[in-house]
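A short worksheet on the structure shown next.
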Amino acid sequence: MSIDWESVAHEYIQNLPSPHDPSGKIPIKEWATAVKLATAAKFGGHASPHEAALFWPEFKATGMAPQEFEAALDKLAPLSYVYHGRPPSMSEIVQL
């Protein structure tokens with residue numbers, strides 16, 4: 001039986017904290033998704049590393065998949081702006 005050291009090393013590195021994450025809690029493999037979703041939820045401009053680090057634990061607590069979150073955001077955002085004049089909150093997105 002042979003050990004695939006390349007895949008072992010890859011998995012290890014992907015689970016290390018991202019060097020871009022100021023909180024040191026988001027693994028490398030999730031960093032791009034964290035920034036993408038934080039940027040989508042920001043509704044204007046690119047999310048900073050600090051914003052992504054603040055957003056990610058709140059997103060993870062929803063239990064939603066990234067695709068579900070994006071779809072809910074796409075449906076809810078226009079309505080939220082019309083009726084509330086603001087982007088939807090995380091709890092409103094989860095309720096949808």
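The shown structure was predicted, so the numbers you read here are calculated from the model rather than taken from an experiment.
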Close side-chain approach of [X] to [Y], heavy-atom, < 4.5 Å:
X: P66; Y: F59; value: yes
X: P88; Y: L73; value: yes
X: I3; Y: V8; value: yes
X: I13; Y: I28; value: yes
X: P19; Y: W31; value: no
X: F69; Y: M90; value: yes

Would a distance-only check, ignoring hydrogens and angles, find a side-chain to backbone donor-acceptor pair under 3.5 Å from [X] to [Y]?
X: Q14; Y: E11; result: no
X: S80; Y: L76; result: no
X: T39; Y: A47; result: yes

Is [X] atom [atom1] crowded by more than 12 heavy atoms from other residues, nucleotides or ligands, each under 6.0 Å away?
X: K42; atom1: NZ; result: yes
X: H84; atom1: NE2; result: yes
X: K29; atom1: NZ; result: yes

Single-linkage hydrophobic cluster, 4.5 Å side-chain cutoff, [X] and [Y] together:
X: F43; Y: F55; value: yes
X: L16; Y: V35; value: no
X: L37; Y: L54; value: no

Next item on the list: Check step by step if side chain to side chain donor-acceptor pair (under 3.5 Å) holds for D4 and S7.
Entry: CA-CA 6 Å; D4 183 0; S7 66; 3.2 Å; yes
Next item on the list: Kindly compute the distance separating CD1 (I26) from OG1 (T33), expressed to the nearest 0.5 Å.
Entry: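 I26 CD1 to T33 OG1: 10.5 Å, rounded to 0.5 Å.
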